[in-house]
K.L.:
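Sharing a structure with you now.
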Amino acid sequence: MVKPTNNEIAKLLREVAAAYTVSDEKKYRFQILAYQKAADVVEKLSSEVYELWSEGKLEDISGVGPSIASHLKELFATGKVKHFEEIKKKAPGALFPLLAIPKIGPKTAVKLINSLKIKKSDQAIELVQKAGEEGKIAEIPTFGKKSEKEILQAISEFYAGRQKTSRMVLPYAYEIAQKVLTHLKKCPDVQKIEPLGSLRRMVSTIGDIDIAVASNHPQKVINWFVTYPYAERIIEKGDHTASFLTSGSKQIDLMVQPTSAWGSLLQHFTGSKDHNVKLRTRAITYGLSVSDYGIKITDRKKLKKDWEKFYTKSNFNSSLGLYVFADEKTFYQAQGLKWIEPELREDRGEIEADLVGKLPKIIQNEDIKGDLHTHSLVDVEPSHDLGQSGMSEMIKLAQELHYEYLGFAEHNPSNYNHTPSQVSALIKKRNEKIEQAQKVTKSVQILKLLEIDILADGKLAIDDKSFSLLDAGIVSIHSSFSQDKEQMTQRVLKGLSHPKAKILGHPTGRLLGQRSGFELDWEKIWEFCAKNNKALEINAYPTRLDISDTIVRETIKRGVKVVIDTDSHEVSQMKNMKFGVAVARRGWAEKKDVLNTYSFADLKKWLLS
DNA sequence: GCCGTTTTCGGCCCGACTGTTTTCAGTCG
């Protein structure tokens with residue numbers, strides 16, 4: 001029995017697609033698409049494919065049909081797939097490592113392998129690099145000096161960490177985008193500007209940063225764009241688009257269109273790819289061809305009568321032969337749809353929901369009435385890191401954010417070097433600080449919370465007497481991450497079973513880009529939480545964003561509440577709330593699903609329930 | 001190989017940019 005990760009499975013599926021491509025692209029055209037699609041889906045999946053298989057749900061994955069499912073079953077059972085191996089044999093082994101290099105696709109790779117006579121797969125990248133340095137790539141037919149230079153460039157960037165799969169956390173991407181935006185806004189020809197792509201959809205990790213500009217002088221904007229002071233290398237520069245790498249090998253893409261087509265540009269560049277493909281495929285059946293420029297009517301007979309009002313002389317661009325849309329809403333309406341929130345555009349049923357008027361009214365930043373998980377610098381001699389900001393400045397920021405309430409939830413006093421009564425004394429001392437602060441604070445209600453360790457055996461790190469000093473507890477896992485799924489689930493359930501343990505903090509313990517987090521039996525967790533009024537946290541800390549959007553969606557489907565917290569250890573981190581809200585929005589959460597949209601009175605009531 | 005508001009069969013999004021090929025192939029999103 002083997003247990004490959006989703007990334008390993010996705011890589012394998014991509015290898016099959018690549019092998020099909022080099023063996024006979026025409027013949028296998030649609031298999032290639034199918035395998036690539038399956039790889040994309042698996043890569044983005046929030047649950048492990050392995051687990052889905054063990055639950056018999058493999059074919060629930062959209063993009064995985066009977067054939068790929070049966071191959072994956074074989075993979076899990078035996079560690080390999082006969083069919084995949086046969087296909088991969090049709091391609092040289094050195095193909096697969098080379099695919100990780102930007103700009104090298106299957107065909108380029110095979111040409112390199114054949115011309116350079118590369119035999120050893122594990123040295124393929126080094127051998128290509130060496131050949132390039134010796135000027136041998138430029139001599140290969142269809143290659144030249146420029147492509148040789150480009151390949152060498154891509155290899156060195158690959159070694160420096162730029163891979164087709166490396167991603168950055170959302171707030172980091174947000175910062176970079178703001179800087180580039182500031183630069184672009186200084187260009188007088190920029191009329192409208194928006195960060196788009198996964199950034200606009202607020203995905204937790206971002207690959208490239210996409211920026212769209214409306215301007216009637218695209219070339220001037222492009223020329224301005226590439227003068228960005230931290231642009232390290234310009235990747236491409238055309239009439240309407242350009243890209244460069246900025247420090248840390250992060251790619252910034254720009255697309256420029258005239259104002260009249262701004263709507264379709266926004267829509268196209270926001271994506272996701274799957275959402276766009278679904279839209280466009282559907283549009284074809286109504287005689288429409290949809291692109292980032294606008295919509296062409298290819299078969300007027302198929303066009304629905306009540307859509308005709310969106311296709312008039314006034315929005316027809318005769319030189320392009322298509323209808324243009326200045327805003328996104330009309331662009332959707334012209335396809336019989338209502339406007340869809342960017343966070344929902346993942347082809348996870350949003351188009352179908354829109355068609356039957358069942359799109360959720362998702363939560364907004366303004367709905368948030370407080371933050372329940374913050375760490376002040378009041379020293380309770382805690383088990384983990386102390387906050388860095390005083391209570392008063394955190395309360396002040398809470399007021400500026402128009403919060404009704406704020407929860408201090410420092411880590412519990414370490415029970416390693418304190419007796420239970422010493423723990424109680426430390427909590428009492430912290431509570432006194434809160435009471436003092438509350439005396440001078442009228443507009444914000446302060447809650448006496450605590451972040452309590454769920455120890456390896458499921459016991460909590462404080463006793464009942466200490467618990468009685470609190471309004472409620474946030475319980476979290478901070479140790480023994482390697483326990484298996486069943487053990488971890490029992491541990492969490494035991495931790496949550498204390499009547500005052502109301503919130504499970506950062507439920508999977510994942511750290512984006514560092515560790516994947518532990519597995520839980522979600523059905524059991526949801527069932528317990530629904531029955532006993534416990535909430536799962538969406539931790540807005542940039543490297544956590546835990547639980548994930550897809551788990552949020554399943555959580556609220558079962559009537560379990562989520563609570564969005566910043567887990568701030570420093571006052572400015574309280575502003576990270578929007579990233580947690582984004583996770584909730586992507587999980588289709590409405591205001592009613594989120595605990596900290598409640599009024600203080602309702603929240604209190606819930607905490608006591 | 002997958003999938004369905006027209007379909008369980010017959011389709012499968014649309015386009016930009018680059019390099020070197022003078023009309024297109026490859027990669028990318």
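Throughout, protein chains are lettered first and strands after them, A, B, ... in sequence-line order, and every chain is numbered starting at 1.
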K.L.:
Which is more 5' along DNA chain B, the nucleotide nearest A/R280 or the one nearest A/D239? Just name the residue.
P.N.:
A/R280

K.L.:
Out of B/dG1, B/dT6, B/dT18, which has the shortest distance to the side chain of A/T285?
P.N.:
B/dT6

K.L.:
Name the orientation class of the two ring planes belonging to A/Y228 and A/Y230 (parallel below 30°, tilted from 30 to 60°, perpendicular beyond 60°).
P.N.:
perpendicular

K.L.:
Does A/H83 make a side-chain N or O approach to OP1 or OP2 of B/dG1 shorter than 4.0 Å?
P.N.:
yes

K.L.:
One thing to verify: whether A/K301 and A/D299 come together as a salt bridge, which I'm taking to mean a side-chain N less than 4.0 angstrom from a carboxylate O.
P.N.:
yes

K.L.:
Return no unless some side-chain N or O of A/K273 is found under 4.0 Å from OP1 or OP2 of B/dG29.
P.N.:
no

K.L.:
When the P atoms of B/dC17 and B/dC12 are considered, how many whole Å apart are they?
P.N.:
26 Å

K.L.:
Nearest to the side chain of A/Y35, heavy atoms from C-beta on, is which of B/dT27, B/dG1, B/dC17?
P.N.:
B/dG1

K.L.:
Can you tell if the side chain of A/H275 reaches within under 4.5 Å of the side chain of A/R201, non-hydrogen atoms only?
P.N.:
no

K.L.:
When you measure from the side chain of A/T108, which nucleotide among B/dG19, B/dG26, B/dC3 comes out closest?
P.N.:
B/dG26

K.L.:
Output the single nucleotide from B/dT7, B/dT5, B/dG1 whose closest atom is nearest the side chain of A/I68.
P.N.:
B/dG1

K.L.:
Of the listed nucleotides (B/dT20, B/dC13, B/dT6), which one gets closest to any side-chain atom of A/Y286?
P.N.:
B/dT6

K.L.:
Which nucleotide in the list B/dG15, B/dT7, B/dC12 gets nearest to the side chain of A/Y293?
P.N.:
B/dG15

K.L.:
Checking contacts here: which listed nucleotide (B/dC2, B/dG15, B/dG26) is nearest the side-chain heavy atoms of A/A34?
P.N.:
B/dC2

K.L.:
Under 4.0 Å, counting only non-hydrogen atoms across every strand here, what does A/P106 touch: a base, just sugar-phosphate, or nothing?
P.N.:
sugar-phosphate

K.L.:
From CG of A/L320 over to C1' of B/dA16, roughly how many Å is that when rounded to an integer?
P.N.:
15 Å

K.L.:
Between B/dG1, B/dT5, B/dG29, which one does the side chain of A/Y20 approach most closely?
P.N.:
B/dG1

K.L.:
Pick from A/K103, A/K250, A/R233: which one makes a salt bridge (charged side-chain N to carboxylate O under 4.0 Å, His left out) with A/E157?
P.N.:
A/R233

K.L.:
May I ask you to evaluate whether A/T142 reaches the phosphate of B/dT20, defined as a side-chain N or O under 4.0 Å from OP1 or OP2?
P.N.:
no

K.L.:
Is A/S291 near enough to B/dC14 that one of its side-chain N or O atoms lies under 4.0 angstrom from OP1 or OP2?
P.N.:
no

K.L.:
Sort out the partner of B/dT8 for me: Watson-Crick or G-U wobble, both distances under 3.5 Å, none otherwise.
P.N.:
none

K.L.:
Could you tell me whether A/F143 contacts a base, only the sugar-phosphate backbone, or nothing, with contacts defined as non-hydrogen atoms closer than 4.0 Å?
P.N.:
sugar-phosphate

K.L.:
Would you say a side-chain N or O of A/S289 is under 4.0 Å from OP1 or OP2 of B/dC13?
P.N.:
no

K.L.:
If you assign A/A109 and A/L288 each to the DNA chain B nucleotide with the nearest heavy atom, which residue ends up on the more 5' nucleotide?
P.N.:
A/L288

K.L.:
Where do A/Y35 and A/A17 come nearest, in terms of heavy atoms and distance?
P.N.:
CB-CB, 3.9 Å

K.L.:
Closest to the A/E236 side chain: B/dT5, B/dT18, B/dC13?
P.N.:
B/dT18

K.L.:
With a cut-off of 6.0 Å (strictly less than), are more than 12 heavy atoms of other residues, nucleotides or ligands near NZ of A/K90?
P.N.:
yes

K.L.:
Considering only side-chain heavy atoms of A/K146, which listed nucleotide, B/dT20, B/dC13, B/dT5, is closest?
P.N.:
B/dT20

K.L.:
Could you work out the separation of B/dC28 and B/dC13 based on their C1' atoms and round it to a whole Å?
P.N.:
14 Å

